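Here the structure is laid out as structure tokens; the discussion comes afterwards.
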Amino acid sequence: MLSCRQLISSRLFQLRKKSILARVRASDYVEVLEEQGDLLKYPQVWLRDNCQCAECFHAATKARRSHWERGPLNVEVSQVTYNPEKKQLDIIWQDEHKSTFDLGWLRERDFGESTRKRYLEQVYKPSAQLWGKSEFKTVRREFQYQDVIQEDAVLKDWLEALAIQGFAILKGAPNDINVTKHLAKRIGYIKRTTYGDVFEVKSKPNAGNYAYLMTPLPLHTDMPYYEYKAGINILHTLVQSESKGGANTLADGFNVASQLQKLHPKDFEILKTVPVNWVDIGHDGNDSKPFHSLWRAPVICLDVDGRFTRINQNTTKRDSRFSVPLEQVVSWYKAYNKFLEIAQAEAVEFKTQAGDVFVFNNLRMLHGRTAYEDAPGNKRHLVGAYVDWDIIYSKLRTLKFPNAIA
Ligand code: OGA
Ligand code: NM2
Ligand code: ZN
Ligand code: ZN
């Protein structure tokens with residue numbers, strides 16, 4: 001806790017006392033010097049923009065009100081006072097507007113690196129823990145299906161595992177075609193795609209997708225041909241194949257990208273910049289509407305902070321139309337081959353059982369399946385559904401911060 005030694009400060013007083021707690025520098029900042037010596041610094045324009053008074057901020061909707069009618073925000077502070085009883089900063093602006101800021105509220109919004117980092121890590125998104133083949137056993141998390149449905153604490157742990165490790169396995173789901181729907185609803189909302197709200201992964205006579213065959217399914221992410229690619233994939237095993245195959249393969253695509261960056265930086269650069277055409281033309285069985293999905297994006301995508309945000313890879317959905325200049329093609333293939341080589345080397349294999357629900361981050365996890373053979377009385381049957389990360393992170397934050405901070 002902070003105890004305050006001195007209350008008043010302003011332009012006029014700023015140099016008179018050493019123990020000033022709040023002051024305006026000749027520059028554009030209001031400074032708050034904490035007793036322990038920490039200096040919190042806020043641009044005047046930011047304080048004015050974030051004034052919490054009823055005229056500037058609509059508390060019930062947590063919304064900043066429009067500023068247009070009040071002119072530009074570049075009004076300067078005329079006086080700043082610290083009130084130690086209320087632990088708040090009182091500001092009078094040059095246009096006589098008054099603002100009050102709680103010190104705790106200000107501290108949470110400190111521009112210093114550690115406060116920003118803490119917020120991004122704890123509230124925005126937990127950092128992904130990248131893993132290779134040898135770490136699979138330690139990152140593998142299991143939860144009971146019923147616990148996820150019934151207990152908020154377990155739901156939270158499951159969603160956190162999806163965000164951090166990138167996958168988790170739920171055990172003991174009932175033999176019910178609606179399990180994936182229930183799980184999607186438990187998080188929030190299902191993502192509907194050209195393959196329906198749920199989709200059945202099994203060998204189909206009129207298969208419109210390579211996944212609906214018994215052939216091996218090479219390491220891929222689903223739907224790279226969507227701009228709004230499905231966030232997580234929920235795959236419920238209703239019937240597992242008794243044949244030798246039908247096992248899942250899995251590699252952490254972010255780890256593969258990170259390995260490539262370290263070992264072959266030039267190839268990494270190519271895979272993160274050269275756009276690939278991902279395509280899905282066809283139908284989902286006899287009575288579906290025809291579709292023609294198409295999205296151009298590199299294999300490795302990064303966000304504004306330079307963190308991995310999305311991996312696109314699906315050999316069966318990569319278009320023969322490659323809309324890049326001729327000179328880029330051969331070097332791209334070389335880089336892509338390196339990426340796939342690392343992915344193969346880092347892939348693990350495991351076989352789910354009936355009642356297992358394998359859930360993974362579809363923006364990150366390269367996954368596949370080994371070939372299998374259906375037999376009379378044993379037809380491999382999975383049900384799948386997607387949920388977007390916007391919905392998942394939102395749910396996770398409501399579970400972590402039930403009394404949401406504004
Ligand atoms: C898919 C898929 C895995 C499996 O259908 O996209 O990854 O085990 N299936 O069949
Ligand atoms: N399914 C399972 O990207 C893909 O087309 C992978 C998706 C058909 C919804 C398969
Ligand atoms: Zn105000
Ligand atoms: Zn898939």
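Note that the coordinates shown come from a computational prediction; the quantities given were computed from them, not determined experimentally. Counting starts at 1 for both ligands and their atoms, following the listed order.
Of all protein atoms, those of element N, O or S that lie under 2.8 Å from the Zn ion (ligand 4) number 3.
Remark: C301 SG to K229 NZ distance equals 8.0 Å, nearest 0.5 Å. Distance CG/D147 to CG/L155: 11.0 Å, rounded to 0.5 Å. For the atom pair OH of Y386 and CG of N233, the computed distance is 5.0 Å after rounding to the nearest 0.5 Å.
Remark: at the Zn ion (ligand 3), atom NE2 from H97 and atom SG from C51 enclose 110°, rounded to the nearest 10 degrees.
Nearest approach of D176 to L238, heavy atoms of both residues: N-CD2, 3.8 Å. Scanning both residues, Y212 and A207, for their nearest heavy atoms gives O-CB, 3.6 Å.
Of the charged side-chain nitrogens involved, none lies within less than 4.0 Å of a carboxylate oxygen, so that E96 and K98 do not count as a salt-bridged pair. Electrostatic pairing of D252 and R364 counts as a salt bridge here, judged by a charged N lying under 4.0 Å from a carboxylate O. Ion pairing between E160 and K400 holds under the 4.0 Å rule for side-chain N and carboxylate O.
For the residue pair T194/Y226, the side-chain donor-acceptor check at 3.5 Å is satisfied. A side-chain donor from one of D280 and Y195 sits under 3.5 Å from a side-chain acceptor of the other.
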Quick one: ligand 2 N/O to protein N/O pairs below 3.5 Å?
{"unit_1": "ligand 2", "atom_1": "3 (O)", "unit_2": "M223", "atom_2": "N", "d": "2.8"}
{"unit_1": "ligand 2", "atom_1": "3 (O)", "unit_2": "Y225", "atom_2": "OH", "d": "3.4"}
{"unit_1": "ligand 2", "atom_1": "3 (O)", "unit_2": "N314", "atom_2": "ND2", "d": "3.1"}
{"unit_1": "ligand 2", "atom_1": "5 (O)", "unit_2": "N209", "atom_2": "ND2", "d": "2.9"}
{"unit_1": "ligand 2", "atom_1": "5 (O)", "unit_2": "Y225", "atom_2": "OH", "d": "2.7"}

